[in-house]
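Here the structure is a predicted model, which is why all the values come from computation and not from measurement.
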Amino acid sequence: MPLQNLNLKPRPPKGKGIRRRLLGLSALSAVTAAVYLLSMMRIQIVDGARYLEETLSTTLSVIPVRAARGEILDRDGEALAENRTGMNIVFYYSFFPQERAAEQIAALIALCEENGESWYDPLPLNEDGTAFTEGSETSVEALREALGLSSYATADDCLYRLCERYGIEEEDPVLRRKIAGACYGMLVREFSLTNNEYTFAQDISLTTALQLKERSRELPGVDIAEEDIRSYPDGTTAPHLIGTVGSMSAEEWETYRDEGYQMSDFVGKFGIERYCESILRGTDGERTVEQGENGEILSEEETVSPQSGNSVSLTIDAGFQQRMQQLLEDYILSLRVTGDPETGGNAKGGAIAVLDARSGAVLALATYPSYDISTYYEDYSDLLAAENTPLINRAVDGLYRPGSTFKPVVAAAALGEGVISPADTVSCTGVYTYYDTVIEGNTFRPTCLGVHGEIALRDALRESCNIFFYDVGRRTGIDAINEYAENCGLGVSTGLELGGAVGTLTSPEYTESLGGTWTQGNVVQASIGQMDTMVSPLQMAVEAMTIANRGTRYKTYLIDEIRSYDGSELIEKTEPEVLSSFSMAESDFQAIMEGMVGVGLNITNPDYALDSLGYWVAVKTGTPQVTTDTTNSAAIAFAPAEDAEVAVAVMLEEGYGANRLIRGVLEAWEEEVREP
């Protein structure tokens, strides 16, 4: 087709098109720049003063968001310590008018009293502030130091300084003291920009929370915070082991302040709560709050999410622990009913320790008398003054002479050192006269509870013949006996996470350290668990476990595993650990074990007999002397005797028949813990 028939117009020259585009873009840029310039002029010149005023009148505050504390669980996942949501009255320093502190606190006290709420008040002054409270010497010293007063400052001096510092002008002395106590709480918790949040009252009722919300305008800086509160589903279950949380002391604050804690944080005070503080505690988050000139909240945002703490699973079974506590309590109370000191009528308390003999895991640690950890702080004064010291963990921290429960250790030492064989005998005439032959004018003639004639190890254990062990112990020597005792866990640490009393073993060095003189007769008394040998019930259970394991001693442990808060991630698992061991020939073990089985078979009362359990139980009893007039009752055991799975120790203070509890322990163990 000819080109002229296509009706095509010639294109403009290329250079002219580019120039037109450039001109258009330049014009658009100029218009845009003009718009921005006008806007900037309006912001900086026309409205600049208003924007500056808004900027200066707006404040940003960072408030901590509490992380959930990890739970403490039993071996089956049952909660022993958990969290529930509660409401607290909190002060936020950035919004709290310091010049009106006394006025606001007075209003809050009136509201709390109207609704039966309590609040934090650490001030060691009596009701009207005229005297220091009794038994508060340490707190008084801290008060004087916090107020910058001398060690001679009186209660009136301290109260005057607090009133002066916080502008307290209340005339009623009782109310003035209450306001001062709350203000002192802010002082000891260092309520400041650094510690921006202060908990005035914890776990308040919904009624109080609603009433406070209605009055929020007249109480700036005061708010209701929903936070996790530690709770104990059954506070009577192992309270000495679980422990509790509470407000930080000044000494604790020095420890925790560099670890990201606020002074208002609660921390573990003892037990697992304290030992696992770093594990259970999560990482707090942050909430950023923008506040206007008049205190109104302009915006609120969680800028850092809190991270929950890890949960700790223990080796104890809650049901088994409860049954051990009840068994112990019921038996001691039944002894008291008799009123006869000869049969435990004066029993003061006791303990039961139960271990997994194959690993050293704690299955139960019961102590009586005990308490409820849920009401620990409310009951604390009464518990301190209570008869027979319920706050003591007798199973771990109580120290007692082991009495004849020590005899298996002496037997193991004598056999292991080749001093005797299982068949060797000693002549028991009822009185030990060996020292008559070596000491002129000797008057030391320890006795036996019977006359057993020629007696070998098995029968000596079964009959608990003192003279057999006097003689064998003398020949073995105190050094060898103590070496085996330590290998059996006596007089040394058991390795338990919570620690515990180490106790002592009888020795020349220890006797001399007390200002005494070591004599040849001391070793024979030590050989039957008397003299200076002092051990805990937990250590006695370790002894039973070690004998059952033919000389292998495991570290005791209470923490089974650590998991993330939701349980999805296993962080740490405890594995059995051997702390010490000694070689025990099978024939030696058989002799000791059979003697101890004989002790178990001596229990003939059908309510306590051990011969119908379907397996043999190795037992050793003891009646250690406390004073010339009083004795305790002790027992150790392991079962099944030939291949032990469980080791037990019982101690009754001024009690009777500790071996009677063994059957109840084993029946509960079978039902609650033993694997089929």
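Not counting sequence neighbours, the partners of Arg230 by the side-chain hydrogen bond (donor to acceptor under 3.5 Å, both in side chains) test are Asn83, Glu273. With sequence neighbours excluded, the residues satisfying side-chain contact (heavy atoms from CB on, under 4.5 Å) with Ala106 are Ile179. When the salt bridge (charged side-chain N to carboxylate O under 4.0 Å, His left out) test is applied to Glu654, the partners found at least two apart in sequence or on another chain are Lys348. Here Glu134 pairs with nothing under the salt bridge (charged side-chain N to carboxylate O under 4.0 Å, His left out) rule; sequence neighbours left out. Under the ring-ring contact (aromatic ring centres under 6.0 Å, His included) criterion, Tyr256 pairs with Tyr261, sequence neighbours left out. Partners of Thr236 under the side-chain hydrogen bond (donor to acceptor under 3.5 Å, both in side chains) rule, at least two apart in sequence or in another chain, are Asp234.
Separating the OG atom in Ser311 from the CG atom in Leu280 is a distance of 7.5 Å, to the nearest 0.5 Å. Taken from NZ in Lys573 to CG in Asp560, the straight-line distance is 3.5 Å, to the nearest 0.5 Å.
Residue pairs that meet the salt bridge (charged side-chain N to carboxylate O under 4.0 Å, His left out) test with at least one member in residues 383-400, sequence neighbours left out, are Arg394-Glu653. Sorted by first then second residue, the salt bridge (charged side-chain N to carboxylate O under 4.0 Å, His left out) pairs that include residues 88-114, not counting sequence neighbours, are Arg100-Glu103, Glu113-Lys178. The side-chain hydrogen bond (donor to acceptor under 3.5 Å, both in side chains) contacts involving residues 372-386 comprise Asp372-Ser374, Thr375-Asp379, where partners must be two or more places apart or lie in separate chains. Judged as a salt bridge (charged side-chain N to carboxylate O under 4.0 Å, His left out), the pairs with a partner in residues 236-264 (not counting sequence neighbours) are, in order, Glu190-Arg257, Glu252-Lys269, Glu254-Arg257. Residue pairs that meet the salt bridge (charged side-chain N to carboxylate O under 4.0 Å, His left out) test with at least one member in residues 84-94, sequence neighbours left out, are Arg84-Asp203.
Formation of a donor-acceptor pair under 3.5 Å by the Arg281 side chain with backbone atoms of Arg69 is not found in this model. Listed for the Thr283 side chain is no donor-acceptor partner under 3.5 Å among the backbone atoms of Pro306. At distances below 3.5 Å, not a single donor-acceptor pair connects side-chain atoms of Arg75 with backbone N or O atoms of Ile316. Between the side chain of Gln321 and the backbone N or O of Leu363, no donor-acceptor pair lies under 3.5 Å. Counting only distance, with no hydrogens or angles, the side chain of Ser564 and the backbone of Glu569 share a donor-acceptor pair below 3.5 Å. The main-chain N or O of Leu123 is found under 3.5 Å from a side-chain atom of Arg177 such that the two form a donor-acceptor pair. Not a single donor-acceptor pair under 3.5 Å links the side chain of Gln104 to the backbone N or O of Ala101.
Looking at Arg144 and Ser151, their side chains never bring a donor and an acceptor atom within 3.5 Å of each other. Judged purely by distance below 3.5 Å, without hydrogens or angles, the side chains of Gln322 and Thr237 pair a donor atom with an acceptor atom. Counting only N and O atoms by type, the side chains of Thr630 and Thr627 include a donor and acceptor under 3.5 Å apart. Remark: the Asp330 side chain and the Ser334 side chain contain no N/O donor-acceptor pair separated by less than 3.5 Å.
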Less than 3.5 Å apart, which donor and acceptor atoms pair up between the side chains of residues 207-217 and the rest of the protein, not counting sequence neighbours?
from	atom 1	to	atom 2	distance (Å)
Thr208	OG1	Asn115	ND2	3.1
Thr208	OG1	Glu117	OE2	2.7
Thr208	OG1	Ser205	OG	3.0
Gln211	OE1	Asn115	ND2	2.9
Lys213	NZ	Asp223	OD1	2.8
Arg215	NE	Glu218	OE2	3.4
Arg215	NH2	Glu218	OE2	3.3
Ser216	OG	Lys213	O	3.1

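Between Tyr166 and Leu162, the closest side-chain pair of non-hydrogen atoms falls below 4.5 Å. Side-chain atoms of Glu71 and Val312, non-hydrogen and from C-beta on, never get closer than 4.5 Å to each other. Residues Leu652 and Asn632 fail the side-chain proximity criterion, which asks for heavy atoms closer than 4.5 Å. In this structure the side chain of Cys112 reaches within 4.5 angstrom of the side chain of Phe200, judged on heavy atoms. Pro239 has its side chain out of reach of Thr244: every pair of non-hydrogen atoms, C-beta onward, lies at least 4.5 Å apart. In this structure, the side chains of Ser139 and Phe132 stay at 4.5 Å or more apart for every pair of heavy atoms. Counting only heavy atoms from C-beta outward, the side chains of Ile89 and Val222 approach each other to under 4.5 Å. Between Tyr232 and Leu80, every side-chain heavy-atom pair lies at or beyond the 4.5 Å cut-off.
Listed here is the closest heavy atom pair of Ala318 and Asp74: N-OD2, 3.0 Å. Here the closest non-hydrogen pair linking Asp265 and Met248 is O-CE, 3.7 Å. Across Val362 and Thr315, no two heavy atoms sit closer than the pair O-OG1, 2.5 Å. Nearest heavy atoms, Ile373 versus Phe270: CD1-CZ, 3.8 Å. Of all heavy-atom pairs between Pro537 and Gly398, the closest is CD-O, 3.6 Å. For the residue pair Val90 and Glu197, the shortest heavy atom distance occurs at CG1-OE2, 3.8 Å.
Of the candidates Ile352, Leu391, Asn393, Thr367 forms a side chain to side chain contact (heavy atoms under 4.5 Å, CB included) with just one, namely Asn393. A side chain to side chain contact (heavy atoms under 4.5 Å, CB included) with Leu159 holds for exactly one of Thr154, Leu125, Leu147, Asp128; it is Leu125.
Heavy atoms from other residues, nucleotides or ligands lying under 6.0 Å from CD of Gln98 number more than 12.
Two rings, from His240 and Tyr371, have their centers less than 6.0 Å apart.
Relative orientation of the Tyr198 and Phe91 rings is tilted, given thresholds of 30° and 60° on the angle between their planes.
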